[in-house]
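What's counted below: heavy atoms across the whole structure, side chains too, no hydrogens, waters or symmetry copies. What you are looking at is a predicted structure, and each value in this text was computed from that prediction instead of being measured. Proteins come first, then strands; the chains are lettered A, B, ... in the order of their sequence lines, and each starts at number 1.
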There are 2 protein chains.
Amino acid sequence: MKVKEVAELSGVSVRTLHHYDDIGLLVPEDMTDAGYRLYSDDNVATLQQILFFRELGFPLKKIKELLDRPSFDRLEAFELQREMLVAKRGQLDAMIATIDKTLRAEKGEIKMTNEEKFRGFDFKTNPYEQEARDRWGDDAVNQANERIAGAEDELQDRMNRIYTKLAELRTVDPASQEAQEAIGEWFHFLNRMGHYSPEAFAGLGEMYVADERFTKNIDRFGTGLAIFMRDAMKVYADRQS
Amino acid sequence: MKVKEVAELSGVSVRTLHHYDDIGLLVPEDMTDAGYRLYSDDNVATLQQILFFRELGFPLKKIKELLDRPSFDRLEAFELQREMLVAKRGQLDAMIATIDKTLRAEKGEIKMTNEEKFRGFDFKTNPYEQEARDRWGDDAVNQANERIAGAEDELQDRMNRIYTKLAELRTVDPASQEAQEAIGEWFHFLNRMGHYSPEAFAGLGEMYVADERFTKNIDRFGTGLAIFMRDAMKVYADRQS
DNA sequence: AATAAAGTATGACGTTACGTAAGAGTCAAT
DNA sequence: ATTGACTCTTACGTAACGTCATACTTTATT
């Protein structure tokens, strides 16, 4: 495959491929007599890796280091990347929540501190580098910079986490063990804040689908999540009673 | 507020604030005699806007253009940003799916084309610019782009009317005839969109109170409405069965 | 076979969004 | 009066390409 083909395939520019060749990040496996770059399937797979890392904000130099490392394990890398993508999605969720909150604050419904206005932008602690360092130990010493989260945000946080988890599961069978465990968490979470019979719980699930406003709210975490939750909640309620 | 405070608050560097001042993107509202930058709350709100746009990949120059535009509407901007963040989250979902697929392909469970390996990276079509232009018309012509209030809004409308009516009644006895008529309307409305047993209906009412997010949403129509509705719904459900 | 059209190569300078230092003034507290 | 934490401006550095310019190859068309 020549440059353009790879470029179109992957969505990066030809210039970018040239650049990656220049800095030794992605050197084509072969060359024609005329000096044309020829990329192999292996090269393409590497490019995929590179783009994942890049999307996660790694500088190219770091990416090169990682790929060059003899102990580099593709599978492990994919798993890390997956985790980081999920984390990033969580960050987006936080930002969306911040927008919603800001809108309500703008309407005067609630108050909002200046600090809250930047929640989700958590650039301060770049979690990616951190994770990568934990995993592949760039430095010997990793400080334990634990944050203290306020009680209120913790709740919101927990909700978000449960929703996010459910969103990840939303393609599996609602009656499966995984799904039921996650929905059970939801049940217990709600019960901490109120009193919930299994029937009410199931009714709540119905409601997620029946009331479009709530459907939208829930489906923010993933398309079809509301329906999935309703199904899972029904199964859960049936099994409880 | 001086630079450092704003920097720590928002998570950007002092240098970044200097830079934004230099290019006229975020000019502090005041200065001390010594030339120290003094940021107002308004400045902070603007910075929030800027960071949202930045996160979405807008170049600073474009952001400045947007903010400078006299027709700039913060609320509208937030809504657009929200949509774009959701879209970006969808992109992340696609990338996560791609990783999962790649992992299974690596195990030989399935096959995967080279094209599929880059799904989710859709950089080719930058939807943001497009959206922004649609929305705020880089050209003057876009004003006539009124939305068609489709069936969707009509539903919303009916819901709002019922809520409003209930809100008016919220001080009377939930078991009274008036209240029961109104809540019956609600029951039928929901049943038009789904199947609702009386129990589920009552459960939904419980839920209005138990889940703070929904409580807040409902109480927008009147303080205490959620509790009132729960009570009315319980009575209604009991009488139905 | 000739020629146009499309693809590719190598410089080399431009650009964006800051980072990073240098040197100097300012402010609050000891 | 002096330290230490902030702040200022100026200025060069850098990362990841974009954007020409110029020249060579390959493919398609007549």
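- Proximity of A:Thr16 to the phosphate of D:dG18: a side-chain N or O atom is located under 4.0 Å from OP1 or OP2.
- Among the heavy atoms of the strands lying under 4.0 Å from A:Ser13 are primed sugar atoms or P, OP1, OP2 only; no base atom is included.
- Pairs engaging residues 26-51 of chain A under the salt bridge (charged side-chain N to carboxylate O under 4.0 Å, His left out) rule: A:Asp21-A:Arg37 [sequence neighbours left out].
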How does protein contact run along nucleotides 6-14 of chain C, one letter per nucleotide 5' to 3', with B for base contact, S for sugar-phosphate only, - for none, heavy atoms under 4.0 Å? -BSSB-B--
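- The distance between atom NZ of B:Lys64 and atom P of C:dC18, rounded to the nearest whole Å, is 16 Å.
- A straight line from CG of A:Leu38 to P of D:dT25 spans 15 Å, rounded to a whole angstrom.
- Look at NE2 on B:His19: it is 18 Å from P on D:dG13, rounded to the nearest Å.
- Atom NZ of B:Lys62 is separated from atom P of C:dA17 by 11 Å (rounded to the nearest Å).
- Taking both residues in full, the closest heavy atoms of B:Met31 and B:Leu38 are given as C-CD1, 4.1 Å, listed atom of the first, atom of the second, then distance.
- With A:Lys64 as reference, A:Leu25 is the one residue of A:Ile23, A:Leu26, A:Leu25 to meet the side chain to side chain contact (heavy atoms under 4.5 Å, CB included) rule.
- As a whole-Å value, the separation of A:Glu55 CD from D:dA16 C1' is 15 Å.
- Between B:Arg54 and C:dC18, a side-chain N or O to OP1/OP2 separation shorter than 4.0 Å is present.
- Looking at B:Lys61 and B:Glu65, no side-chain N of the basic residue comes within less than 4.0 Å of a carboxylate O on the acidic one, giving no salt bridge.
- Between A:Ile63 atom CD1 and D:dC17 atom P there is a gap of 9 Å when expressed in whole angstrom units.
- Distance B:Phe53 CZ to C:dA17 C1': 18 Å, rounded to the nearest Å.
- Rounded to an integer number of Å, the gap from CG of B:Leu60 to C1' of C:dC18 is 9 Å.
- In this structure, a donor-acceptor pair under 3.5 Å is present between the side chains of B:Gln48 and A:Thr102.
- Between the side chains of B:Gln81 and B:Glu55, not a single donor N or O lies within less than 3.5 Å of an accepting N or O.
- For A:Phe52, the ring pair (Phe, Tyr, Trp, His ring centres under 6.0 Å) partners two or more places apart in sequence, or in a different chain, are B:Phe121.
- In this structure, B:Thr32 and B:Lys61 both approach DNA chain C, and ranking their closest nucleotides by distance from the 5' end singles out B:Lys61.
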